[in-house]
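The structure under discussion appears below in the form of structure tokens.
Keep in mind the model is a prediction, meaning the values are calculated, not measured. First listed ligand is number 1; within each ligand, the first listed atom is number 1.
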Amino acid sequence: MGMHDGMLARMGRGPRNPHAGAPFADDDDAIAAALEDVSVPALLCSLVHMTGDPSWIRGGLRPTVASPTQFQGGMPDDLLAEARRLALPAVAGYRDAGCEPYPLSRDLLREMMSFIACKPVDGLLVPMFLEDLQFDGADSRAITWSDEIPDDVKAASHVVVIGCGESGILAGIRLSQAGLPFTIMEKDEGPGGTWWENRYPGARVDVGSHHYCYSFEPGDHWSEYFCQQPELRDYFVKVLDKYELRPHCRFNTEVTKATWDEGTGRWSVEVRTADGATDVLDARFLLSAVGSLNLPRLPDIPGMETFAGPSFHSARWPDGLDITGARFALIGAGASGFQIAPTIADRVGHLDIFQRTPQWIFPNPMYRAKVPPGDRWAMRHLPFYGRWFRFEMMYPGIGVGVEPFRQDPNYHDPEGRAISETSAARRQLLTEWITSHLEGRPDLIEKSIPPYPPSGKRILQDDGSWLAGLKKPNVELVRTSIDRIVPEGVRTADGTLHEADVICYATGFRHNEFLAPMEITGRNGVSLRGQWGDEPTAYLGIAVPNFPNLFCLYGPGTNLAHGASLIFHSECQMTYTMDAIHHVLASGTRTIEARKDVHDHYVERHQRAISQLVWAHPAIVHSHYKNPAGKIFTLSPWPMETYWEWTKSADLNDFVLS
Ligand code: NAP
């Protein structure tokens, strides 16, 4: 009887906090071996959860730098060894006591954040990180509407989501939690968006994987710290299926047009399937989740159509293409080309890399590192270890805000090589890193130092592979401009013919053309493309005047060249969007539309803010962040916590409801 009661009491505790880690029975030797692989700062935080004893983070064992690429926080080897030695009996004791972590106070969690950040974490950062890290085990941004919206209202409020990448899947999860009917239209044959499409060799994420995932679907499973495309694609497939979204998806179906019907107060959405069939869907709300690095931008080089061999954009890498021994021309070396070149250099016969502008490189020794077994074990079993590891990856970018990117008006550099004293020092460090990897090759050094301030274009990360690749005897870095493509290859302006069997155009995306090529028509026949021209704008990057009941995820002005992962941003945008939809449904109104004055004021502030940051610097001649006039409508200039606060809920004063 007693035993039965005890069992009931245990079950009565409810489901285990998913971040508390699965109980384990590994012996001491196995634990000691695993501890060799872990991030010690995150381990010390986990030990506080295991023991309830804050002294783990109050002594001399502490990190001294917060960096997304140095998981030991700059701790020297002797301190790391000491921490592991002290940790072993504590972890074993936790195991022997049944693997039940202690609940910790908010103040202590905040102190632990400051411990990892190596400086006080305060202000809005605290609630923002607590919301993201979800120490209580609940999905803090889940939709928890009760019965304030009648079922028939919900049933009549079909939502069409355009795109099934990270933000479209997120939209599906939230809409399904809200009990709204919805359909996700996806032009590709599967989910994942950019991670479905970009299959070129070497494609990997350059935001740490433990941060580049939904807050509520963490990745204790990642095999690399910056994992590769197939694993990311599989993650999105897994999440889609876990949340049972597949029945709501129409793959191989492209939205071609969406037209607002003033009479019905609804959107009419025209779609085309891969076999050319068309259909029209009715939607009360339209959510654009199309991404903005999605439309390949092929260059306009004379003679492209005359090339005799296969040629393709990097996002359209042909399945099964055999490049063994081929003479390969890689045109473009931004983020995509930068990953392709070192990956294929040993496979091809010869590789010509045509790079118009050199890129700044951020040294990241972990960029191609596997997550060792001990660290994977810790992610699975040590309480909240994975959460603290996520924080270790998130904080360094978010914690500094946009200040390192600000142009100092008192800093004078007529050559435009730096924006401030700090930027000049950074330039020096990054230059030294490049030259140290290219010793003995002054020709390559000269070609590889960017003539603009560090971070002015999206900084690329590398563990040295790119620079090592440039030195290979079968690789040539061509900085001479391209004159034309001929059947045999690429002819440069100096008259040289670079013979090629294959050409890959890693020339980027039409980043400024949000929602293209769809034809979106709003109130009074206003065309979205016409309204935007080269200056796409939306209030908070989400809501556009004249386009009622339309919400953008990853819309204008929300790309991130600083701070956080786009998934974090999407979660903010989705929270806001769901709140706006809730207002409409709960108030019995038909439509919600951003107020033009509010939008215009926001755009003015956005333009003022972005123009002061490094990406707008005039020394940057070619940048996909800039529109043809050199203005930036793609990027966010806001510190993460500011945007998080603005998007926590939709303020009805910013909208017209009718
Ligand atoms: P990108 O950064 O815009 O780079 C395009 C490259 O093509 C640049 O080297 C560019 O030279 C060159 N180019 C463009 N037009 C050209 C022309 N007409 N003639 C000669 N060269 C030309 O594009 P991307 O590499 O595809 O990356 C785009 C974005 O996708 C990135 O910023 C990032 O946000 C995302 N991305 C991320 C990852 C990752 O997470 N690891 C990987 C790939 C892409 P200029 O520099 O002179 O313009």
Q: List the steps and the verdict of side-chain hydrogen bond (donor to acceptor under 3.5 Å, both in side chains) for Tyr554 and Glu166.
A: CA-CA 10 Å; Tyr554 194 2; Glu166 59 87 7; over 6 Å; no

Sub-6.0 Å ring centroid separation between [X] and [Y]:
X      : Y      : result
Tyr452 : His617 : no
His313 : Phe509 : yes
Phe389 : Phe71  : yes
Trp196 : Phe236 : no

Q.
Please find the pair of heavy atoms, one from Ile331 and one from Ile503, that lie closest to each other, and give the distance.
A. CD1-CG2, 3.9 Å

(Q) Determine whether Ser223 and Glu231 satisfy the following criterion, side-chain hydrogen bond (donor to acceptor under 3.5 Å, both in side chains), listing intermediate values before the conclusion. (A) CA-CA 8 Å; Ser223 69; Glu231 200 168 347; 2.6 Å; yes

Which of the ligand 1 atoms, numbered from 1, are nearer than 4.0 Å to a heavy atom of [X]:
X      : result
Gly508 : 3 (O), 5 (C), 23 (O), 24 (P), 26 (O)
Leu293 : 29 (C), 30 (O), 34 (O), 35 (C)
Asp206 : 39 (C), 40 (O), 41 (N)

Residue-level breakdown please: for [X] versus ligand 1, do any non-hydrogen atoms fall below 4.0 Å on the side chain, on the backbone, on both, or on neither?
X      : answer
Thr357 : both
Phe354 : neither
Ala315 : neither
Tyr200 : side chain

Q: Using the ring-ring contact (aromatic ring centres under 6.0 Å, His included) rule, pick out the option among Tyr576, Trp646, Tyr643 that qualifies with His569.
A: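 The passing option is Tyr643.
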
Q | Criterion ring-ring contact (aromatic ring centres under 6.0 Å, His included) against Tyr367, the qualifying member of Phe362, Phe338, Phe226, Trp466 | A | Phe226

Q) Any idea which of Gln461, Lys457, Lys626, Arg356 brings a heavy atom closest to atom 22 (C) of ligand 1? A)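 Ranked by closest heavy atom to atom 22 (C) of ligand 1, first place is Arg356.
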
Q. Among Ala335, Gly334, Ser481, Gly337, whose heavy atom sits nearest atom 36 (N) of ligand 1?
A. Ala335

Would [X] count as a polar contact of ligand 1, with the cut-off being nitrogen or oxygen pairs under 3.5 Å?
X      : value
Ser336 : yes
Ser623 : no
Asn559 : no
His624 : yes
Trp195 : no
Pro299 : no
Arg204 : yes
Arg297 : no

Q: Answer whether the closest heavy-atom distance between the side chains of Tyr235 and Tyr214 falls below 4.5 Å.
A: yes

Q) Can you tell if the side chain of Leu295 reaches within under 4.5 Å of the side chain of Pro517, non-hydrogen atoms only? A)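 Sidechains of Pro517 and Leu295: in contact.
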
Q: Would you please determine whether Ala333 falls within less than 4.0 Å of ligand 1 on a heavy-atom basis?
A: yes

(Q) I'd like to know if the side chain of Ser39 pairs up with that of Glu392 as donor and acceptor (distance under 3.5 Å, no hydrogens or angles considered). (A) yes

Nearest protein heavy atom to [atom], by residue and atom, and its distance?
atom                    : value
atom 12 (C) of ligand 1 : Gly332 CA, 3.7 Å
atom 37 (C) of ligand 1 : Arg458 NH1, 3.8 Å
atom 6 (C) of ligand 1  : Ala506 O, 3.3 Å

(Q) Main chain of Phe354, side chain of Arg479: is a donor-acceptor contact present, judged purely on distance under 3.5 Å? (A)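 No, the answer is negative, given that no donor and acceptor are paired below the 3.5 Å cut-off.
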
